[in-house]
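The structure appears right after this line, and notes come after that.
Worth knowing before you read on, the calculation uses all heavy atoms, side chains too, and leaves out hydrogens, waters and symmetry mates. One-based numbering along the sequence shown.
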Amino acid sequence: QALLKAGARGYVLKKSSFAGVAQAVRCAARGESYLDPALAGYVIAGFPDFIRFIGNGLVLGIPMPIIVFSVATAAISIVLNMTTLGFNIYMIGSNPTASSFSGVNNRAVLIKTYLISGLYSGIASLIMISRFNSVATGYGSSYLLITILASVLGGTSTIGGFGRIS
């Protein structure tokens, strides 16, 4: 059932505007989580020690979230600076029409960009879960505007253009 829902969402996302559908899917998934009898607004707590280590552990005196952040930053830096996908992401960010005329499949690149974004939000949620040692449906809601603010203050252009992670 979950696979069918995910496939339907992916099809709708493929055929529609990305930003609007992504926001709608986020709201629908959040509403679904409140209706799911297994969750129904409850908090799940008491994770094993290896999960809690991800958010609270130390490796050679360095906090594990810092290590995860460093590895994730290095990985996305390599993807953006040394792969065709990264070049295409920059091209679409600077001029989607020109990148389309250059032979770039904008939809495929945008879907891959959303997949990368989902992967990184999953990593962030794993760190958050392991630090709190609990999870509930609304934990990440309060971070949405803070994240947008941090991105804009960090220099992300809201109208596209060139940027870099390294």
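- The backbone N or O of Pro96 sits less than 3.5 Å from a side-chain atom of Asn106, completing a donor-acceptor pair.
- Contact detail for Pro65 and Arg131: the closest heavy-atom pair is CG-NH1, 4.0 Å.
- Expressed to the nearest 0.5 Å, how far CG of Asn88 lies from OG1 of Thr113 amounts to 9.0 Å.
- Once rounded to the nearest 0.5 Å, the distance linking OG of Ser117 with CG of Leu110 reads 11.5 Å.
- When atom types are taken as modelled, the side chain of Ser130 and the backbone of Leu126 share a donor-acceptor pair closer than 3.5 angstrom.
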If you apply the rule side-chain contact (heavy atoms from CB on, under 4.5 Å), what do you find for Leu85 with Ile116, and how did you get there? CA-CA 11 Å; Leu85 174 63; Ile116 292 169; 3.9 Å; yes
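- Judged as a side-chain contact (heavy atoms from CB on, under 4.5 Å), and not counting sequence neighbours, the contacts of Leu58 are Pro63.
- Note: the hydrophobic cluster containing Met64 does not contain Phe69 (ILVMFWY, side chain heavy atoms under 4.5 Å, direct or indirect links).
- Leu153 and Ile146 sit in two unconnected hydrophobic clusters of ILVMFWY residues. Membership requires side-chain heavy atoms under 4.5 Å apart, directly or through other members.
- A donor-acceptor pair is defined here as one N or O able to donate and one able to accept, closer than 3.5 Å; such a pair exists between the side chain of Ser125 and the backbone of Ser121.
- Between the Ser70 side chain and the Ile66 main chain, a donor and an acceptor come within less than 3.5 Å of each other.
- In terms of heavy atoms, Asn81 sits closest to Tyr90 at OD1-OH, 4.0 Å.
- Once rounded to the nearest 0.5 Å, the distance linking CD1 of Ile89 with OG1 of Thr83 reads 7.0 Å.
- Atoms CG and CZ, on Asn56 and Phe132 in that order, are 10.5 Å from each other to the nearest 0.5 Å.
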Less than 3.5 Å apart, which donor and acceptor atoms pair up between the side chains of residues 44-54 and the rest of the protein, not counting sequence neighbours?
from  : atom 1 : to    : atom 2 : distance (Å)
Asp49 : OD1    : Arg52 : NH2    : 2.3
Arg52 : NH1    : Phe47 : O      : 3.3

